[in-house]
Colleague: 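The structure that follows is given in the form of structure tokens.
Values in this document were obtained by computation on a predicted structure and should not be read as measured data. We name chains A, B, ... by the order of the sequence lines, and we start the count at 1 in each one.
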2 protein chains.
Amino acid sequence: MSDTDVKQPVPQDFDALRSAILERKGELPKRLTQVAAYALDHPDEIAFGTAASIAISAAVQPSTLVRFAQHFGFDGFSGLQLLFRARLRERTSSYEERLRTLEQDGASLAESTTIFNGFVAAAHRSIDAIAAAVEPDAFERAVTLLAKADTIYLIAKRRSYPISSYMAYAFGKLKVRCQLVGTSAGIDDDMLAMATSKDAAFAISFSPYASESAAQARMMASRGIPVVSLTDSAFSPLAECSTEWFEVVEADHAGFRSLSASMAFAMALTVSIAEKRRRG
Amino acid sequence: MSDTDVKQPVPQDFDALRSAILERKGELPKRLTQVAAYALDHPDEIAFGTAASIAISAAVQPSTLVRFAQHFGFDGFSGLQLLFRARLRERTSSYEERLRTLEQDGASLAESTTIFNGFVAAAHRSIDAIAAAVEPDAFERAVTLLAKADTIYLIAKRRSYPISSYMAYAFGKLKVRCQLVGTSAGIDDDMLAMATSKDAAFAISFSPYASESAAQARMMASRGIPVVSLTDSAFSPLAECSTEWFEVVEADHAGFRSLSASMAFAMALTVSIAEKRRRG
DNA sequence: CCGTCTATGGAATGAACATTCCATATTGAC
DNA sequence: GTCAATATGGAATGTTCATTCCATAGACGG
């Protein structure tokens, strides 16, 4: 059983595997070279296929795939396949990598440091996610919609309230009329009742969705007032009653989410609206 | 076998499936709704996972996943999974394409897109900056200081208020007693007057510094109450009266700053404090 | 040219998995 | 409140799949 070369450590990520393959391709027997070439040329096939389907496609036996994986220190083919799948999943996580190297340096970091690094990485990931998820056209439509509104009603409760309150602050500085809804109990509905179809609303709500926010957004929509919203799922009650809606998936650290990505989005929206107005 | 609704054709690609799910989500029974929400929120999991692992993650039975697939006309779960895999294959290209538009801000892009990209980039820079600027030891000291406080007073006005209000929300969830200062005019000083040296304060202020915040922080400090602060310059009035202070330089886009980095910092601090308390 | 050692193909095996089935719970109509 | 219809949980089932095993082919050294 000299199959598993003990000298080489088992590759932990796709890049390591790739290097290992390139490095050792000279000393591999014929069929394994064939597999190596196929693997690097068709990584997606490896990620999605089954051993049998890949074997056919690469013109080898399934057992050869297993042997190939074992040559590089894996338990079997499945272990190797995980790396190919992780590659598709992660795509963006150079941040996680940086974080991992940070944590290797000092063996015993204070817990607070780990938490801090976790939130930093989560923030990066969240921002990448929203950058990829927001369609420029939809964003432009939302900006147009809100820019021509007489008054912009900002609907947000609880966790999303800090975002709307910052938007209200910024709108104030930018001389854009807006009305912050959700501050003191009771007067919200009275304020919203004054809205006309010349106005518009921007609603923010994350799971678990505050029922008032959804109800208020629905009410606005039913009165013909355009509603733009920011939420975290296509299943959000906001999604169905909004003229335009955007999905932001804040990455979490240990179950807690910061609002980093939402804040960036909110500011981009706010400034874009002001800019569009300024230009006429 | 009225499971497979013959009215609906079997979705042939992910978008068709997505539309079908959103369209019919109202008429789905409870567990199937749960699966529907999970599927749209975690498409990658569906693509790679096994029925068993997905079932656990979505808190349903494997059989429910099969039934869900059959409700939408598929033979079984596997048929549905193929669509999620195909999506992942195609997405990777368009996804990277989107991220590439972040770099170019040619005239061809809508202004709102340029602004959006600008804030995304600024957020990344800000977070990198704070990750580099915060010293783990100082952070740990700040956490310790605040964790042993009886009540944490959160001092913030105007631009920094969204941060403290989110912290107050999170502290509430985490059962950490805190007092949000700066909300309604007048009672602030009365609230702060009740603070004792067993308490602590966390102050946030950015240029141009609200004079009240600085005054309140100074007052607390002079009464022997530990003050931790987050500000944007060593010359900030907060820096000189704080036991520990941290500098966050939010990168700006066209003169406007989002609060992305401050939010990440605030959440890290909040969670660290709660965690330290929980441990004794 | 023979023996040994490694590589390979293909069948056998056993594990993982999707799917089905049935008993129970829940919902809705009368 | 009762009954029917539908939804759900969980175990049983049968299939697909990765893996192992073994017989044979090929390479290499003597």
Colleague: What pairs of nitrogen or oxygen atoms, one from the protein and one from nucleotides 22-27 of chain D, lie under 3.5 Å apart?
Modeller:
none

Colleague: Rounded off to whole Å, could you give me the CD1-to-P distance for the A:I46 and D:dA18 pair?
Modeller: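 Going from A:I46 (CD1) to D:dA18 (P), I get 11 Å.
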Colleague: Quick test of your reading: applying ring-ring contact (aromatic ring centres under 6.0 Å, His included), list the pairs with at least one residue in residues 244-264 of chain A, sequence neighbours left out, ordered by first then second residue.
Modeller: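 Residue pairs passing ring-ring contact (aromatic ring centres under 6.0 Å, His included), neighbours aside: A:F119-A:H253, A:F246-A:F265.
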Colleague: Kindly write out the residues that satisfy side chain to side chain donor-acceptor pair (under 3.5 Å) with A:S242, not counting sequence neighbours, or none if the list is empty.
Modeller: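 Applying side chain to side chain donor-acceptor pair (under 3.5 Å) to A:S242 gives A:S229.
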Colleague: Find every protein N or O atom lying less than 3.5 Å from an N or O atom of nucleotides 12-18 of chain C, and list the pairs.
Modeller:
{"unit_1": "C:dA18", "atom_1": "OP1", "unit_2": "B:A51", "atom_2": "N", "d": "2.8"}
{"unit_1": "C:dA18", "atom_1": "OP2", "unit_2": "B:A51", "atom_2": "N", "d": "2.8"}
{"unit_1": "C:dA18", "atom_1": "OP2", "unit_2": "B:A52", "atom_2": "N", "d": "3.4"}
{"unit_1": "C:dA18", "atom_1": "O3'", "unit_2": "B:S78", "atom_2": "OG", "d": "3.0"}

Colleague: Without decimals, in angstroms, what is the distance between B:R31 CZ and D:dA7 P?
Modeller: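 So the two atoms are 13 Å apart, to the nearest Å.
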Colleague: To the nearest Å, how far apart are A:I54 CD1 and D:dT19 C1'?
Modeller: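 Distance, rounded to whole Å: 14 Å.
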Colleague: Would you mind telling me which of D:dG10, C:dT8, D:dC21 lies closest to the side-chain atoms of A:S63?
Modeller: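 My answer, after comparing the listed nucleotides, is D:dC21.
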Colleague: Taking only side-chain nitrogens and oxygens of B:T64, does any of them come within less than 4.0 Å of OP1 or OP2 of D:dA7?
Modeller: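 Answer is no, no contact under 4.0 Å.
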Colleague: Going by the rule side chain to side chain contact (heavy atoms under 4.5 Å, CB included), which residues pair with A:A251 if we only count those two or more places apart in sequence or in a different chain?
Modeller: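 Partners of A:A251 under the side chain to side chain contact (heavy atoms under 4.5 Å, CB included) test: A:A122, A:R125, A:S126.
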Colleague: Name the atoms and distances for all side-chain donor-acceptor pairs under 3.5 Å in residues 210-217 of chain A, with sequence neighbours left out.
Modeller:
{"unit_1": "A:Q216", "atom_1": "OE1", "unit_2": "A:K157", "atom_2": "NZ", "d": "2.9"}
{"unit_1": "A:Q216", "atom_1": "NE2", "unit_2": "A:D189", "atom_2": "OD1", "d": "3.4"}

Colleague: Going by the rule side chain to side chain donor-acceptor pair (under 3.5 Å), which residues pair with B:R31 if we only count those two or more places apart in sequence or in a different chain?
Modeller: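 Listed in chain order: B:Q34.
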Colleague: Taking only residues two or more places apart in sequence, or in another chain, which ones meet B:F68 in a ring pair (Phe, Tyr, Trp, His ring centres under 6.0 Å)?
Modeller: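 Applying ring pair (Phe, Tyr, Trp, His ring centres under 6.0 Å) to B:F68 gives B:F72.
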Colleague: Would you find more than 12 non-hydrogen atoms of other residues, nucleotides or ligands less than 6.0 Å from A:R18 atom CZ?
Modeller: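 Atom CZ in A:R18 is not packed in, count stays at 12 or less.
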Colleague: Separation of A:K30 atom NZ from D:dC28 atom C1', in whole Å?
Modeller: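 Taking NZ of A:K30 and C1' of D:dC28, I get 17 Å after rounding.
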Colleague: Answer with yes or no after comparing the ring centroid distance for B:Y169 and A:Y161 against a 6.0 Å cut-off, counting only values under it.
Modeller: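 Ring-ring flag for B:Y169/A:Y161: false, centres at least 6.0 Å apart.
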Colleague: Whole angstrom is fine here: how far is it from CG in B:L32 over to P in C:dT27?
Modeller: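 Distance check: B:L32 CG to C:dT27 P gives 14 Å.
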Colleague: If the condition is side chain to side chain donor-acceptor pair (under 3.5 Å), which residues does A:T243 pass it with, not counting sequence neighbours?
Modeller: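 Partners of A:T243 by the side chain to side chain donor-acceptor pair (under 3.5 Å) criterion come out as none, since no residue qualifies.
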Colleague: How many Å lie between CD on B:Q70 and C1' on D:dT6, as a whole number?
Modeller: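 Interatomic distance, CD of B:Q70 to C1' of D:dT6: 15 Å.
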Colleague: In whole Å, what is the span from the CG atom of A:L82 to the C1' atom of D:dA18?
Modeller: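 Rounding to the nearest Å, CG of A:L82 and C1' of D:dA18 are 13 Å apart.
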Colleague: In whole angstroms, how far is the C1' atom of D:dA18 from the CZ atom of A:F68?
Modeller: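 So the CZ-C1' distance, A:F68 to D:dA18, works out to 16 Å.
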Colleague: Where the side chain of A:Q61 is concerned, which of C:dG10, C:dC21, D:dT8 is the nearest nucleotide?
Modeller: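 Side chain of A:Q61 sits closest to C:dG10.
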